[in-house]
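Keep in mind that this is a model prediction, so the values were computed, not measured. What you see below is based on every heavy atom in this structure, not just the backbone, and it leaves out hydrogens, waters and symmetry mates. Counting begins at 1 with the first residue of the sequence.
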Amino acid sequence: MGTKNELLARLDEKYDKLSKGQKRLADYIRQNYDKAAFLTAVKLGEAVGVSESTVVRFATQLGYKGYPEFQKELGELVRTKLNSIQRMEVTYGRIGQSEILANVLHSDIEKIKMTIETIDQKAFEIAVDILVNARKIYIVGIRSCAPLANFLAYYLNLICDEVICVNANGSTEIFEQLIRINEQDVIIGISFPRYSMRTLKALEFASNRKAKVITLTDSIHSPINLYSSCNLIARSDMASIVDSLVAPLSVINALVVALCMKKQDEVIKTLGTLEEIWDEYEVYSRDELNPVQDNLNIEIEEKGNIDE
């Protein structure tokens with residue numbers, strides 16, 4: 001199923017035509033791509049023993065516009081190939097203990113900025129229309145993506161009639177939950193590196209039954225896009241063993257808000273009913289619902305006691 005990374009394919013194709021210095025670069029990258037992805041052209045040249053200009057020419061020889069584009073493709077390779085231990089080693093090799101908080105927060109901010117710049121607005125609008133018209137909405141997200149799937153399912157349940165967050169403990173269990181999916185339904189698949197094979201199989205199953213497929217993932221090269229009729233790309237990156245899922249969560253928030261606007265009257269009615277139920281069954285304590293009013297009451301009582 002997995003197709004070879006574009007960069008590795010180009011290295012294989014162009015290798016025989018490279019100069020000796022460029023071949024050393026190719027060999028180094030094959031063996032140390034996890035380190036090379038974070039090196040400047042100067043540092044990569046120093047590691048291999050060639051000049052910066054040789055590194056730049058090497059990138060263009062492979063068909064990239066320059067070193068930045070080459071390094072971006074190298075980053076794609078790292079994100080999809082590194083295991084958890086390697087990811088931790090790479091990250092802790094780059095970040096000092098005192099820099100972790102600021103580094104992670106700035107990285108998350110950067111991922112949201114990159115998502116804003118690259119996400120397909122048309123695809124987003126299509127996704128909203130698909131969800132508005134769906135009979136049933138299935139959502140599948142496994143392992144670290146499970147909280148995203150649950151969050152989305154919680155809010156879609158307030159907006160749409162039938163929303164099913166697929167329990168993905170086992171592959172056979174997934175198919176049992178999807179057994180009635182058809183062309184009137186939609187499935188949302190959420191997956192980020194390392195990509196989940198169970199999510200991929202669930203989308204394949206749904207696609208074979210003519211359901212519409214929406215994907216939320218990190219790249220157009222993500223394998224789950226194979227079965228998608230609508231791709232939402234949100235940038236993710238590694239930080240230690242943790243994937244940054246802040247940008248995907250922002251895209252989910254945007255989906256929920258857009259659906260609320262499309263189904264405004266129904267949402268207002270549902271929320272009104274819920275408020276009545278919450279009040280009747282005292283779901284929220286009164287100090288949580290109206291802390292300001294309670295504080296005012298306390299102050300008034302205290303002042304009354306003083307006057308007496």
Euclidean distance, Leu62 CG relative to Arg57 CZ, rounded to 0.5 Å: 13.0 Å
Starting at OG1 of Thr199, measure out to CD1 of Ile224 and round the result to the nearest 0.5 Å. 7.0 Å
Side-chain donor-acceptor pairs of residues 122-134 under 3.5 Å, sequence neighbours excluded:
{"from": "Glu125", "atom 1": "OE2", "to": "Gln121", "atom 2": "NE2", "distance (Å)": "3.2"}
{"from": "Asp129", "atom 1": "OD1", "to": "Lys262", "atom 2": "NZ", "distance (Å)": "3.2"}
{"from": "Asn133", "atom 1": "ND2", "to": "Asp129", "atom 2": "O", "distance (Å)": "2.9"}

Are Val257 and Ile137 connected, step by step, through hydrophobic side chains (Ile, Leu, Val, Met, Phe, Trp, Tyr) whose heavy atoms are closer than 4.5 Å? no
Taking all heavy atoms of Arg198 and all of Ile174, pick out the closest pair and write down the distance. CB-CD1, 4.0 Å
Do side-chain atoms of Gln71 reach the backbone of Leu39 as a donor and acceptor pair under 3.5 angstrom? yes
Nearest heavy atoms of Ser144 and Leu245, plus distance in Å: O-CD1, 3.4 Å
Of all heavy-atom pairs linking Glu204 and Tyr227, the shortest is CD-OH, 3.4 Å
same_hphob_cluster(Ile233, Leu200) at 4.5 Å side-chain heavy-atom cutoff: no
How close do Ala26 and Leu11 get, counting heavy atoms only, and between which atoms? CB-CD2, 3.8 Å
Test of understanding: with side chain to side chain donor-acceptor pair (under 3.5 Å), list the residues that count as partners of Arg143, not counting sequence neighbours. none
With a 4.5 Å limit on heavy-atom distance, are the side chains of Leu178 and Ile187 in contact? yes
Residues at least two apart in sequence or cross-chain that pass ring pair (Phe, Tyr, Trp, His ring centres under 6.0 Å) with Phe70, listed by chain then number, are Phe58, Tyr64, Tyr67
Where do Leu18 and Gln61 come nearest, in terms of heavy atoms and distance? CD2-CG, 3.5 Å
Are Met114 and Ile116 grouped together when hydrophobic residues (ILVMFWY) are joined by side-chain heavy atoms under 4.5 angstrom apart? no
Could you tell me whether a side-chain N or O of Glu69 sits under 3.5 Å from a main-chain N or O of Lys65, the two making a donor and an acceptor? yes
Give the table of side-chain donor-acceptor pairs shorter than 3.5 Å for residues 151-166, with sequence neighbours excluded, one pair per line with atom names and distance.
{"from": "Asn157", "atom 1": "ND2", "to": "Ala153", "atom 2": "O", "distance (Å)": "3.1"}

Value rounded to 0.5 Å, distance of CD in Gln22 from NZ in Lys17: 12.5 Å
Determine, stepwise, if the pair Arg10 / Glu13 fulfils salt bridge (charged side-chain N to carboxylate O under 4.0 Å, His left out). CA-CA 5 Å; Arg10 292 191 190 196; Glu13 180 187 344; over 6 Å; no
Output the distance between atom CG (Leu44) and atom CG (Leu25), rounded to the nearest 0.5 Å. 5.5 Å
Would you kindly confirm whether Leu271 and Ile268 end up in one hydrophobic cluster when ILVMFWY residues are joined by side chain heavy atoms under 4.5 Å apart? no
Any side-chain heavy atom of Leu203 sitting closer than 4.5 Å to one from Val140? yes
Student check: side-chain heavy atoms of Lys111 and Val246 closer than 4.5 Å: no
Can you list the residues that meet the side-chain contact (heavy atoms from CB on, under 4.5 Å) rule with Thr40, with sequence neighbours excluded? Val42, Lys43
Output yes when a side-chain donor or acceptor of Arg235 lies under 3.5 Å from a complementary backbone atom of Ala247, and no otherwise. no
Using a strict 4.0 Å threshold on nitrogen-to-oxygen distance, state whether Lys269 and Glu266 make a salt bridge. no
Any sub-3.5 Å donor-acceptor pair from Ser191's side-chain atoms to Ser196's backbone N or O? yes
Looking at CD1 of Ile181 and CD of Glu183, how far apart are the two atoms once the value is rounded to the nearest 0.5 Å? 10.5 Å
I'd like to know if Ile142 and Leu226 are part of one continuous hydrophobic network [Ile/Leu/Val/Met/Phe/Trp/Tyr, side-chain heavy atoms within less than 4.5 Å]. yes
If you apply the rule side chain to side chain contact (heavy atoms under 4.5 Å, CB included), what do you find for Leu216 with Leu255, and how did you get there? CA-CA 11 Å; Leu216 178 58; Leu255 274 177; over 6 Å; no
Ignoring hydrogens and angles, tell me if any N or O in the side chain of Asp218 forms a donor-acceptor pair with the backbone of Ala234 under 3.5 Å. no
Show me the pairs that pass side chain to side chain donor-acceptor pair (under 3.5 Å) and involve residues 205-217, at least two apart or across chains. Thr215-Asn225, Thr215-Ser228, Thr215-Asn231, Thr217-Ser222
Look up atom CG in Asp108 and atom NE2 in His106, then write down how far apart they are to the nearest 0.5 Å. 11.0 Å
Does any donor atom in the side chain of Ser51 or Thr54 lie under 3.5 Å from an acceptor atom in the other side chain? yes
